[in-house]
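Okay, structure first, notes after.
Just so it is clear: chains get the letters A, B, ... in the order the sequence lines come, proteins before strands, and each one is counted from 1.
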Amino acid sequence: MEVRSRFAPSPTGYMHIGNLRTALYEYLVAKSAGGKFILRIEDTDQERYVEGAVDIIYKTMKMVGLKHDEGPDIGGNFGPYVQSERKAIYKKYADILVELGGAHYCFCSEEELENQRKKCEETGVPFKFDDPCKNISIEEAKKRISNGEKYTVRQTINPDGEVSFDDVVYGHVSVETKTLDEGILLKSDGLPTYNFANVVDDHLMNITHVLRGNEYLSSTPKYNLMYQAFGWDIPTYVHLPPIMKDEHNKLSKRNGDASFQDLVQKGYLPEAIVNYIVLLGWSAKNDQEIFSMEELEKVFNVEGINKSPAIFDIEKLKWMNGVYIRELPCEKFYKLSEPWMKQVIHKDIDFETLAKCIQPRVNVLNEIPEAIDFIEILPEYDTEMYIHKKMKTTVEISRTALLEAENLIKNMTDWSSIEAIHDAFMVMPEKLGLKNGQFLWPIRTALTGKQCTPTGAIEIAYLLGKEECLSRIQIGINKLG
RNA sequence: GAUCCCAUCGUCUAGUGGCCUAGGACAUCGCCCUUUCACGGCGGUAACUCGGGUUCAAAUCCCGAUGGGAUCGCCA
């Protein structure tokens, strides 16, 4: 049988990391088996609907390389793929489920429920809704409905029994039916709750593998009761552990944690983000950590999925992003880094060469502006910076180096390449009886005013241009008295 | 509270009874390379939650404790 998995986000306008990982695993489960990956929009909660949210979903999926085979935008044989357009379907199946004894019509108001709940709280009895409407016959209920009375459809659960199922990652899970809540399946607005829609849709869309967060682990038995009542095959369940912000808190929008979009905006590459999060709860069972999507489609398997929660570690993502950046072709990196460079540099310099210089030392694109801002304007710096133990520089040596450099540069005619400058500069240390560092460290300091720079004195001299170099060296000479 | 689930370095993980004096990666520390910082190379610190069993042998199996998480909505 063909494997079919689905990504079923609700359009909240925000693609958080946990959601994205679920989508990734769903995609990989299908693709690693040569199956189909379906996109379904779960918009049954009209109060949460956010304009434009669906576009964010399409955009994100495209950016990370998750191509769906069926969905609202491309169609398919099992549509519609938007739940709000499937209202009639849910109504039909809700009525069938009532006939089959798996559900009943309920006329209780939200206030009535609230009262029962309060009473339980007061008396200290654990709340479990006992629905008086269970005793209403179907005929009578239908009469009341045709009279225009508001109603919901509520699941009916026989308290004597046990339900169990086998989850691919959590193994055998078994519960007594008396502990299960008889939840609402069809709301009074006629739309289904997730609890009902997921069962109906997954069956009707021939979904074979259901992946979702493990918060659904405890309600899965209820879904299975419905599958059983309908006489439908139960799908393969793959429940996923949560991604945590820290030991106690889930990664979430409410905690102000970064979404996929936020990370991209900060300068993380989609490929790196995907690679990092696939490892949050899954392992290839070997030492490999860097995977392309093509590789993942081949090697991903559900056996590698972990049971316990994983904490999102931004430090490791940074490292991995750096790995991806270093692997980028120069031209590609230049294109990506250009806007970040131009954020702080408005002069006309050789940005392409600058890009080449910073590529090996940037992990996240948003590190670029601070790393190169000295090119635009020389920052204030302290004379202390000229004294460097390891380079064996002192104020005297620095002064000599700068004066000699000034002379040298004044007489230089070829400033067209790093090589030319390199050749001219590198004869000096020997001539002056200095080590390379003793000559070059003071120059780099005078040129940048910074402790750390993305590259050495020679490259920076080239980027700055002859005139600017002379003026900055003059400033350095003055500082050193 | 009830029910369900989870538990290896700071973090992500490998480990499915002997190959484990527990392996890899990030982070961290030290050294090397080097015109700084990085990159790269080499090395170090660092973990089986605890207590009982089972077994010749347990990180691995069983039981219990502890700790953590989830669910208990006309949200998904």
When the distance from CD1 of A:I311 to P of B:G69 is rounded to whole Å, what number comes out? 11 Å

Without swapping roles, check the side chain of A:N195 against the backbone of A:L185 for a donor-acceptor pair under 3.5 Å. no

Rounded to whole Å, CG of A:L279 lies from C1' of B:U11 at a distance of 12 Å

Determine the Euclidean distance between corresponding C1' atoms of B:G15 and B:G23; express it in Å to zero decimal places. 8 Å

Just N and O in the side chain of A:H248: are any of them under 4.0 Å from OP1 or OP2 of B:G69? yes

Remember a base hit wins even if backbone is also touched, and classify A:T152 as base, sugar-phosphate or nothing at under 4.0 Å, heavy atoms. base

Under the 3.5 angstrom rule, does the side chain of A:T22 hit a backbone N or O of A:R212 as a donor-acceptor pair? no

So if I take every side-chain heavy atom of A:R326 and compare against B:G40, B:A14, B:C26, which nucleotide ends up nearest? B:G40

When you compare B:C37 with B:A22, how far apart are their P atoms, in angstrom units rounded to a whole number? 35 Å

Under a 3.5 Å limit on both distances, the Watson-Crick or wobble mate of B:U34 is none

To the nearest angstrom, how far is A:I243 atom CD1 from B:U11 atom C1'? 14 Å

Using a heavy-atom cut-off of 4.0 Å across all strands, would you classify A:C357 as base, sugar-phosphate, or nothing? nothing

Between B:U3 atom C1' and A:E162 atom CD, what is the distance in whole Å? 13 Å

Can you check the A:R212 CZ to B:U71 P distance for me, whole Å? 13 Å

Hey, does the side-chain of A:R361 have a donor or acceptor N/O within less than 3.5 Å of a partner on the base of B:C37? yes

When the P atoms of B:C12 and B:A47 are compared, how many Å lie between them, rounded to an integer? 16 Å

Base, sugar-phosphate or nothing for A:A457? Non-hydrogen atoms, less than 4.0 Å. base

Select base, sugar-phosphate, or nothing to describe what A:Q451 touches, counting heavy atoms under 4.0 Å on all strands. base

Determine the interatomic distance between C1' on B:U8 and the same-named atom on B:C50; round to the nearest Å. 15 Å

So, is A:K307 near the phosphate of B:C4, with a side-chain N or O under 4.0 Å from OP1 or OP2? no

What is the nucleic acid contact for A:I458, judged by heavy atoms within less than 4.0 Å: base, sugar-phosphate only, or nothing? base

Find the distance A:K435:NZ to B:U36:C1' and express it as a whole number of Å. 15 Å

Looking at every strand, decide which applies to A:K450 at a 4.0 Å heavy-atom threshold: base, sugar-phosphate, or nothing. nothing

Regarding the side chain of A:E215, the nearest nucleotide among B:C5, B:C37, B:A70 is B:A70

Begin with the C-alpha distance, continue with both residues' side-chain angles, and end with the deciding distance and a verdict on salt bridge (charged side-chain N to carboxylate O under 4.0 Å, His left out) for A:K316 and A:E289. CA-CA 11 Å; A:K316 185 146 183 178; A:E289 290 199 302; 2.8 Å; yes

Salt bridge or not between A:R40 and A:E42? Use side-chain N to carboxylate O under 4.0 Å. yes

With the side chain of A:L440 defined as its heavy atoms from C-beta on, choose the nearest nucleotide among B:U35, B:C74, B:C12. B:U35

Any side-chain N or O of A:K316 under 4.0 Å from OP1/OP2 of B:A27? no

Reference residue A:T453; test side chain to side chain donor-acceptor pair (under 3.5 Å); the match among A:E459, A:R361, A:R444: A:R444

On RNA chain B, does the nearest nucleotide to A:P360 precede the nearest nucleotide to A:N306 from the 5' side, or the other way round? Give the residue. A:N306

In terms of side-chain heavy atoms of A:T44, which of B:G40, B:U11, B:A76 is nearest? B:A76

At 4.0 Å (heavy atoms only), tell me whether A:T193 reaches a base, stays on the sugar-phosphate, or touches nothing. sugar-phosphate

The single option from A:H104, A:Q155, A:K134 passing side chain to side chain donor-acceptor pair (under 3.5 Å) against A:E182: A:K134

Which is true for A:M391 with a 4.0 Å heavy-atom rule: it touches a base, it touches only sugar-phosphate, or it touches nothing? sugar-phosphate

Could you tell me the Watson-Crick or G-U partner of B:C56, where both distances fall under 3.5 Å? Say none if there is no partner. B:G18

Rounded interatomic separation in angstrom, taking NZ from A:K318 and P from B:U28: 10 Å

Report yes or no: is the cationic atom of A:K187 (NZ for Lys, CZ for Arg) under 6.0 Å from the centre of the six-membered ring of A:F196, at an angle within 45° of the ring normal? no

State which of B:U13, B:U71, B:C39 makes the closest approach to the side chain of A:S218. B:U71

State which of B:U3, B:A76, B:G24 makes the closest approach to the side chain of A:E42. B:A76

Between B:A2 and B:C19 - P atom distance, rounded Å: 42 Å

Look at the side chain of A:K390 and decide which nucleotide, out of B:C37, B:A76, B:C26, has an atom nearest to it. B:C37

Distance-only donor-acceptor test, A:T453 side-chain atoms vs B:C37 base atoms, 3.5 Å: no

Any donor-acceptor pair under 3.5 Å between the side chain of A:Y216 and the base of B:A70? no

Assess the side chains of A:Y93 and A:D201: does a donor N or O sit below 3.5 Å from an acceptor N or O? no

Kindly say whether A:G267 contributes a backbone atom to a donor-acceptor pair with the side chain of A:N321 at under 3.5 angstrom? yes

Check: B:U16 base within 3.5 Å donor-acceptor of A:K285 side chain: no

Assigned partner base of B:G1, Watson-Crick or wobble definition, under 3.5 Å: B:C72

Which nucleotide in B:C74, B:C4, B:G24 has an atom nearest any side-chain atom of A:D287: B:G24

Mind checking if A:G281 touches a base, just sugar-phosphate, or nothing, with heavy atoms under 4.0 Å? sugar-phosphate

Could you tell me whether the phosphate oxygens of B:A38, OP1 or OP2, come under 4.0 Å of any side-chain nitrogen or oxygen in A:T455? no

Tell me which nucleotide, if any, is Watson-Crick or G-U wobble paired with B:C26 when both distances must be under 3.5 Å. B:G10

Which one, B:C4, B:U3, B:A76, comes nearest to the side chain of A:T179? B:U3

Atom C1', compared across B:G17 and B:A59: separation rounded to whole Å: 11 Å

Roughly how far, to the nearest 0.5 Å, is the OG1 atom of A:T400 from the CG atom of A:L434? 7.0 Å

C1' gap between B:G10 and B:G73, integer Å: 38 Å

Under 4.0 Å, counting only non-hydrogen atoms across every strand here, what does A:E315 touch: a base, just sugar-phosphate, or nothing? sugar-phosphate

From the candidates B:C4, B:A76, B:U35, the one with an atom nearest any side-chain atom of A:K187 is B:A76

Using atom CD of A:E370 as one end and atom P of B:C37 as the other, report the distance to the nearest whole Å. 17 Å

Going by purine N1 to pyrimidine N3 plus the second Watson-Crick contact, or the G-U wobble pair, all under 3.5 Å, which nucleotide sits opposite B:A46? none

Remember a base hit wins even if backbone is also touched, and classify A:T448 as base, sugar-phosphate or nothing at under 4.0 Å, heavy atoms. nothing

Comparing nearest nucleotides in RNA chain B, the 5'-proximal residue of the pair A:E459, A:S308 is A:S308

